[in-house]
Amino acid sequence: MIDLFTFDSTVPRIVFGVGSLSKVSEELGRLGRGRALVLSTPHQENDAQALASALGELAVGVFSRAVMHTPVKVTADALSVFNETGADCVVSLGGGSTIGLGKAIAFRNNAPQLVVATTYAGSEVTPILGQTENGIKTTIRTSSVLPKTVIYDPELTFDLPVTMSVTSGLNAMAHAIEGLYAQDRNPIASLLAMEGLAALRKALPAIVKLPRDAQARADALYGSWLCGVVLGAVGMSLHHKLCHTLGGTLDLPHAETHAILLPHTVSYTEQAVPELLAPVARLFSSPRAGTGLHDFGLSLGAPMRLRDLGVTGDDLDRATALAVSNPYWTPRPLEAGGVRALLQDAWEGVRPS
Ligand code: NAD
């Protein structure tokens with residue numbers, strides 16, 4: 001029997017497929033906008049400039065200083081450029097960092113956002129904005145930051161380095177897995193989660209073998225889109241909160257932190273809700289989801305150890321204290337000894353016990 005549930009998700013318009021980058025001008029027209037500020041990180045500046053050139057008069061400038069964790073100072077600079085150029089919308093070309101900047105602008109001036117997503121982080125389909133001020137990252141959930149249109153062109157991900165493809169893909173899988181045991185889980189989100197997980201399960205090994213495999217790149221973007229919808233639709237728990245705490249306090253790289261912690265947070269949670277994680281165990285042909293994810297990460301050459309990110313034993317103590325001092329709902333209640341033990345396993349990179 002299906003229990004009472006609510007499914008509350010507004011998904012942007014999606015334009016998917018090889019060559020869809022050429023649709024940006026048409027899609028701006030649909031939005032009734034014709035003065036786009038194109039956003040990127042410094043690393044993707046050439047792509048952003050090329051897109052601006054292709055857009056011609058529809059682009060009024062490029063701001064290529066997006067960085068991870070969306071510092072409010074960078075947002076202020078980008079807003080000045082937005083106003084000086086008379087822009088009427090943003091086109092965010094990149095991963096979560098660039099998309100975060102576009103959302104931060106939209107949060108302040110309601111600019112419509114068109115996103116060209118080039119990683120698997122999933123931010124482009126969530127109403128969530130994380131931003132940093134004075135070293136503190138806060139998260140806001142509001143429909144005003146949800147992009148209007150998302151373009152997924154697999155060709156733009158052909159050169160996403162393999163390590164980043166793997167960690168970003170595991171980051172996407174983390175959204176789906178936490179969705180399966182969310183307090184507000186529901187049949188639709190779980191359906192999307194399993195479809196997204198299956199697509200990434202198939203795609204990531206193929207990308208490791210052949211990074212320019214067009215089908216695998218398309219599968220990975222498709223999977224990450226669905227996993228992102230799950231992130232936007234239901235609440236996350238232990239895994240995302242721990243990544244947030246560790247990443248925020250120690251300034252750790254986002255996707256790597258997710259990739260390393262995932263088998264261990266899942267293993268911790270699995271003890272309370274094995275039945276909810278059984279489909280994940282089956283997907284990895286493993287007796288348990290946590291061990292299946294560990295073996296999958298290992299087979300992909302994913303980073304496995306927190307200590308390789310420069311984390312110390314003291315950091316683990318502090319992260320444990322922070323994690324349990326700020327209680328939130330999890331399927332398995334937070335308990336300092338258990339959290340410290342899972343962090344220790346993640347630090348050493350051992351197979352979850
Ligand atoms: P990122 O956007 O920081 O990208 C990492 C690097 O890879 C950057 O230098 C970028 O320019 C480069 N890059 C991106 N795509 C590329 C491509 N196709 N080819 C070559 N290089 C490419 O990394 P990310 O993991 O996508 O995003 C992390 C940020 O996103 C964090 O700040 C995180 O908090 C945020 N995030 C937010 C949400 C949300 O819903 N609000 C969800 C997930 C992540």
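Just follow the structure's listing: the first ligand is 1, and inside any ligand the first atom is 1. Here the structure is a predicted model, which is why all the values come from computation and not from measurement.
The side chain to side chain contact (heavy atoms under 4.5 Å, CB included) test with L242 is passed by exactly one of L322, T265, L334: T265.
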Side-chain donor/acceptor pairs under 3.5 Å, residues 245-259, sequence neighbours excluded:
residue, atom, partner, partner atom, Å
T245, OG1, K241, O, 2.8
T249, OG1, T245, O, 2.6
T249, OG1, L246, O, 3.4
H254, NE2, N171, OD1, 3.1
T257, OG1, P253, O, 2.5
H258, ND1, N171, ND2, 3.4
H258, ND1, H239, NE2, 2.9

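Listed by first and then second residue, the ring-ring contact (aromatic ring centres under 6.0 Å, His included) pairs involving residues 268-302 are F284-F296 (not counting sequence neighbours). Applying the side chain to side chain donor-acceptor pair (under 3.5 Å) test to pairs two or more places apart or on separate chains, those with a residue in residues 18-31 are R13-E27.
K202 NZ: 12 or fewer foreign heavy atoms inside a 6.0 Å radius. Annotation for E57: atom CD does not count as buried by contact number, only 12 or fewer foreign heavy atoms lying within 6.0 Å.
Every protein residue with a heavy atom nearer than 4.0 Å to ligand 1 is included here: T41, H43, Q44, M68, H69, G95, G96, S97, K103, T118, T119, A121, S123, T126, I128, K137, L156, T157, D159, L160, M164, L231, H254.
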